[in-house]
Protein chains: 2
Amino acid sequence: MKQLTPAEESYLKVIYHISEGGKRSVSTNDISFKMKTKPASVSDMLRRLGEKEVIEYRKYYGVNITETGKKLALQTIRKHRLWEVFLVEKLRFSWDEVHEVADELEHIRSKLLIQRLDEYLGFPKFDPHGDPIPDEFGDVRARPRVALSDLEVNTTGQIVAVKDSSAAFLRYLDKVGAYIGARIKLLEKVEFDGSVEILVDNKKTIFMSKDVAGNVLVML
Amino acid sequence: MKQLTPAEESYLKVIYHISEGGKRSVSTNDISFKMKTKPASVSDMLRRLGEKEVIEYRKYYGVNITETGKKLALQTIRKHRLWEVFLVEKLRFSWDEVHEVADELEHIRSKLLIQRLDEYLGFPKFDPHGDPIPDEFGDVRARPRVALSDLEVNTTGQIVAVKDSSAAFLRYLDKVGAYIGARIKLLEKVEFDGSVEILVDNKKTIFMSKDVAGNVLVML
DNA sequence: TAACTTTTTTAGACAAATCAAAAAATAATT
DNA sequence: AATTATTTTTTGATTTGTCTAAAAAAGTTA
Ligand SMILES: [Mn+2]
Ligand SMILES: [Mn+2]
Ligand SMILES: [Mn+2]
Ligand SMILES: [Mn+2]
């Protein structure tokens, strides 16, 4: 019985994402925050996910995702990101509009659909936010990336992803003219507040607060 | 409260389709057959749909769809058919593979998605089975069509739709070489069993049983 | 009209997903 | 270590969607 319901898939995806954030065990509260549900609902869901053996659940001590759980989560993430590419590349959505729709589309269950979509999109390796798209076996080829805020002055690089992909943040980046693929050079870093000044495509200078720069990921 | 759940949308769509089939009131049994659920489940759903005023429900006497119900059903049908076009035109699905996937995709709720999909597909007027795609206001421009079995000998026409769009039937049509858009001429009609012989694209002759011909729709 | 058949509804149960309120366990602080 | 604060789980309810079995209504036939 490895078949998950849409809700279970969503919870598992969230658990996977929090796990990847480095922390050892994932807490009920963290999940409830990300899922926008109450902790009581989470406890209930954890019991079910535990029964299906996609997580290891020790009451009061949080959860750890299992290997099968990880595989399943990566399949959902793959679908989510492929749909995001579709929405942006083919339907002219902007990168801040795709997330909610992809959150629905990711639960459509058809192997053929995803294979064909992947092919149709030209087997993309990254989604509109620069996140890697797992292959059909759940393998992700991650590229080394560093926060813009951690760069040293005069270093050059390329914006490859964003850490925060909330609509508000993405629209802000649009406004200031930062985008995935942009060639950048760190011109100045203010000691006082950690804010930075960067040169984009050898043309335009942008100022960013430390907070913003910390959510922009760069490949050297 | 005009928002329907996916299940409610599916029931309503089925009720709409049966209604269009000419019958006055739609029976619980007919719905249960099409929905592949038990009559008891249907009764329950009819109560809910009645409360939401998308159908008029008189216990024991079947249901009639209301005007608002019709509007909503047509929106779901629009989405279903647009997705079918997408699957066939863009993802190389064959016309017998699209139905189940479209039945899932049709419930994705995003106005923008459907607008953009429509635009991306070039505002198609018919789906892969020749059925008309309602516009965003629920208007359908139906074209006059007649069953191949009702044609007179020597009449010419064009195959524009199928009445039965089960995978088995569609694959059979593929096998014999009948397709939407084919120019045909009725060569012979056997009195004995109602079977017909047709000429396709002035090239190939096909034999069809009365049953098959009755499910192929032609425009003169 | 009465008896039988078919259809439909009701009653009672269950699984999934959610919540609020209360209880229990764990963590933090004096 | 005892008290307080926080987190997590439990309990009990609710909604949606489904089922089986039983009851009721409608339709058909003799
Ligand atoms: Mn996303
Ligand atoms: Mn993304
Ligand atoms: Mn269909
Ligand atoms: Mn169709």
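Values below: all heavy atoms of this structure, side chains included; hydrogens, waters and symmetry mates excluded. Computed from a predicted model, the values in this text were never measured in an experiment. Letters go in sequence order (proteins before strands), and every chain restarts at 1.
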Between [N] and [X], is there an OP1 or OP2 to side-chain N/O distance shorter than 4.0 Å?
| X | N | result |
| --- | --- | --- |
| A:Asn29 | D:dT8 | yes |
| A:Ser27 | D:dT7 | no |
| B:Tyr11 | D:dT16 | no |
| B:Arg48 | D:dG17 | yes |
| A:Thr37 | C:dA17 | no |

Nearest-Å distance for atom pair [atom1]/[atom2], residues [X] and [N]:
| X | N | atom1 | atom2 | result |
| --- | --- | --- | --- | --- |
| A:Lys52 | C:dA15 | NZ | P | 12 Å |
| B:Leu46 | D:dT16 | CG | C1' | 15 Å |
| B:Lys38 | C:dT7 | NZ | P | 14 Å |
| B:Ile31 | D:dG17 | CD1 | P | 15 Å |
| B:Glu9 | D:dT16 | CD | P | 14 Å |
| A:Asp44 | D:dG12 | CG | C1' | 12 Å |
| A:Met45 | C:dA16 | CE | P | 9 Å |
| B:Arg47 | D:dT15 | CZ | P | 11 Å |

Salt-bridge present ([X], [Y]; N to O < 4.0 Å):
| X | Y | value |
| --- | --- | --- |
| A:Arg81 | A:Glu84 | no |
| B:Arg48 | B:Asp44 | yes |
| A:Glu97 | B:Arg116 | no |
| B:Arg47 | B:Glu51 | yes |

*Taking side chain as C-beta onward, heavy atoms only, is A:Val26 less than 4.5 Å from A:Val14?*
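A side-chain contact under 4.5 Å is absent here.
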*Is there a side-chain contact between B:Leu4 and B:Tyr11, using heavy atoms and a 4.5 Å cut-off?*
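A side-chain contact is absent here, since even the closest heavy-atom pair is not under 4.5 Å.
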*Sub-4.0 Å heavy-atom contacts from residues 55-66 of chain A onto DNA chain C, ordered by number*: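 DNA chain C contact set from residues 55-66 of chain A: A:Tyr60, A:Tyr61.
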*So what does A:Ser41 hit on the nucleic acid, given a heavy-atom distance under 4.0 Å: a base, only sugar-phosphate, or nothing?*
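If one applies the 4.0 Å heavy-atom cut-off, A:Ser41 turns out to touch a base.
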Return the nearest nucleotide to the side chain of [X]; candidates are [options].
| X | options | result |
| --- | --- | --- |
| B:Ser43 | C:dT9, D:dG17, C:dA17 | C:dT9 |
| A:Ala7 | C:dT18, D:dT10, D:dG17 | C:dT18 |
| A:Ala40 | C:dT9, C:dA17, D:dT10 | D:dT10 |

*Within 45° of the axis and under 6.0 Å from the centre of the six-membered ring of B:Tyr120, does NZ or CZ of B:Lys90 qualify?*
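Output yes; distance and angle both within limits.
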_Nearest-nucleotide 5' precedence on DNA chain C, A:Met35 against B:Asp30_ =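 This one resolves to B:Asp30.
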*Over 60° means perpendicular and under 30° means parallel, so classify the ring planes of B:Phe86 and A:Trp83, tilted if in between.*
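Tilted, since the angle between the ring planes falls between 30° and 60°.
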